[in-house]
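Right, one structure below, let's go through it.
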Amino acid sequence: MRRAIRLATENVLQSGGGPFAALIVREGAIVSEAVNTVTATNDPTAHGEVNAIRAACKALGVFSLAGCELYTSCEPCPMCLCAAYWARIDRIYYGATAADAARAGFADAAFYAELCKAPEARRVPAVQLLRDEAWASFAAWMASARRLEY
């Protein structure tokens with residue numbers, strides 16, 4: 001955890017990046033570590049956790065990080081939390097909270113609140129279109145002999 005916090009602080013002081021960093025650990029060894037590079041890369045998905053997950057998957061040659069743990073300098077935002085779930089991370093350890101991030105001006109807590117609303121009531125409304133046609137890709141996936149479960 002101290003390494004994640006140190007990397008987050010260095011990211012702010014050395015490159016002007018966001019105050020977030022994360023590590024993926026397996027069996028007590030660091031597999032990957034990464035910082036928030038949203039502003040450096042103009043990529044709103046380049047959070048420390050997502051970057052660390054991508055790097056760990058690449059290093060291990062897998063898309064599942066089952067057996068791994070995530071250490072992150074701050075409680076994951078909804079995107080990063082979902083990325084950890086999709087990666088099958090076993091456990092998440094975090095330092096600061098979403099409330100701490102909100103106090104510093106980050107919208108994590110507001111995004112958590114948005115997700116509790118019905119899709120049509122969210123700040124950015126979601127409207128469903130062509131459900132029956134969209135199902136075709138799922139049907140093709142279910143019938144595919146080449147599919148890899150994840």
- Item | Which atom of A84 lies closest to which atom of I92, heavy atoms considered | CB-CD1, 3.9 Å
- Are V62 and I89 co-members of a hydrophobic cluster defined by side-chain heavy atoms under 4.5 Å apart? yes
- Query: Below 4.5 Å, heavy atoms only, C-beta onward: do Y150 and W86 meet side chain to side chain?
  - Reply: yes
- Hey, is OH on Y85 packed in by over 12 heavy atoms from elsewhere, all under 6.0 Å? no
- Taking ring pair (Phe, Tyr, Trp, His ring centres under 6.0 Å) as the test, write out the residues that go with W135, two or more places apart. F138
- Note on the structure: On a heavy-atom basis, the closest approach of A98 and E75 is N-OE1, 2.8 Å
- When rounded to the nearest 0.5 angstrom, what is the spacing between CG in L81 and OH in Y94? 10.5 Å
- Any chance you could pull the hydrophobic cluster mates of V50, using side-chain heavy atoms under 4.5 angstrom and chaining through other members? M79
Going by atom type alone, with no hydrogens or angles, which donor-acceptor pairs under 3.5 Å involve a side-chain atom of residues 124-132 and a protein atom two or more places apart or on another chain?
none

- Query: Crowded around R122 CZ? As in, over 12 foreign heavy atoms under 6.0 Å?
  - Reply: yes
- Note on the structure: Sorted by chain and number, sequence neighbours left out, salt bridge (charged side-chain N to carboxylate O under 4.0 Å, His left out) with R3 holds for E33
- Item | Heavy-atom pair of closest approach, residues I24 and A52 | CG1-O, 3.6 Å
- Task: Under the side-chain hydrogen bond (donor to acceptor under 3.5 Å, both in side chains) rule, collect the residues that match up with N36, sequence neighbours excluded.
- Result: none
- Item | Where at least one partner belongs to residues 76-85, residue pairs that pass salt bridge (charged side-chain N to carboxylate O under 4.0 Å, His left out), sequence neighbours excluded | none
- Query: Residues two or more places apart in sequence or in another chain: which of them pass side-chain hydrogen bond (donor to acceptor under 3.5 Å, both in side chains) with S73?
  - Reply: none
- Does any pair with a residue in residues 50-70 pass salt bridge (charged side-chain N to carboxylate O under 4.0 Å, His left out), and if so which ones, sequence neighbours excluded? none
- By side-chain hydrogen bond (donor to acceptor under 3.5 Å, both in side chains), S32 pairs with (sequence neighbours left out) none
In a table with atom names and distances, give each donor-acceptor pair under 3.5 Å that connects a side chain of residues 106-116 to protein atoms at least two apart or in another chain.
unit_1, atom_1, unit_2, atom_2, d
Y112, OH, P76, O, 2.6
E114, OE1, R123, N, 2.7
E114, OE2, K117, NZ, 2.8

- Task: May I ask whether Y93 and I5 are part of the same hydrophobic cluster, defined by side-chain heavy atoms of I, L, V, M, F, W, Y residues being less than 4.5 angstrom apart, directly or through others?
- Result: yes
- Enter the distance from N51:CG to T45:OG1 here, rounded to the nearest 0.5 Å. 7.5 Å
Give the table of side-chain donor-acceptor pairs shorter than 3.5 Å for residues 12-23, with sequence neighbours excluded, one pair per line with atom names and distance.
unit_1, atom_1, unit_2, atom_2, d
S15, OG, N11, O, 2.8
S15, OG, N11, OD1, 3.0

- Message: Can you list everything that forms a salt bridge (charged side-chain N to carboxylate O under 4.0 Å, His left out) with R147? Sequence neighbours excluded, please.
- Response: E149
- Item | Check: A140 main-chain N/O paired with S144 side-chain donor or acceptor under 3.5 Å | no
- Query: Does the side chain of L65 come within less than 4.5 Å of L70's, by heavy atoms?
  - Reply: no
- For C74 against E49, the heavy-atom pair lying closest together: O-OE2, 3.6 Å
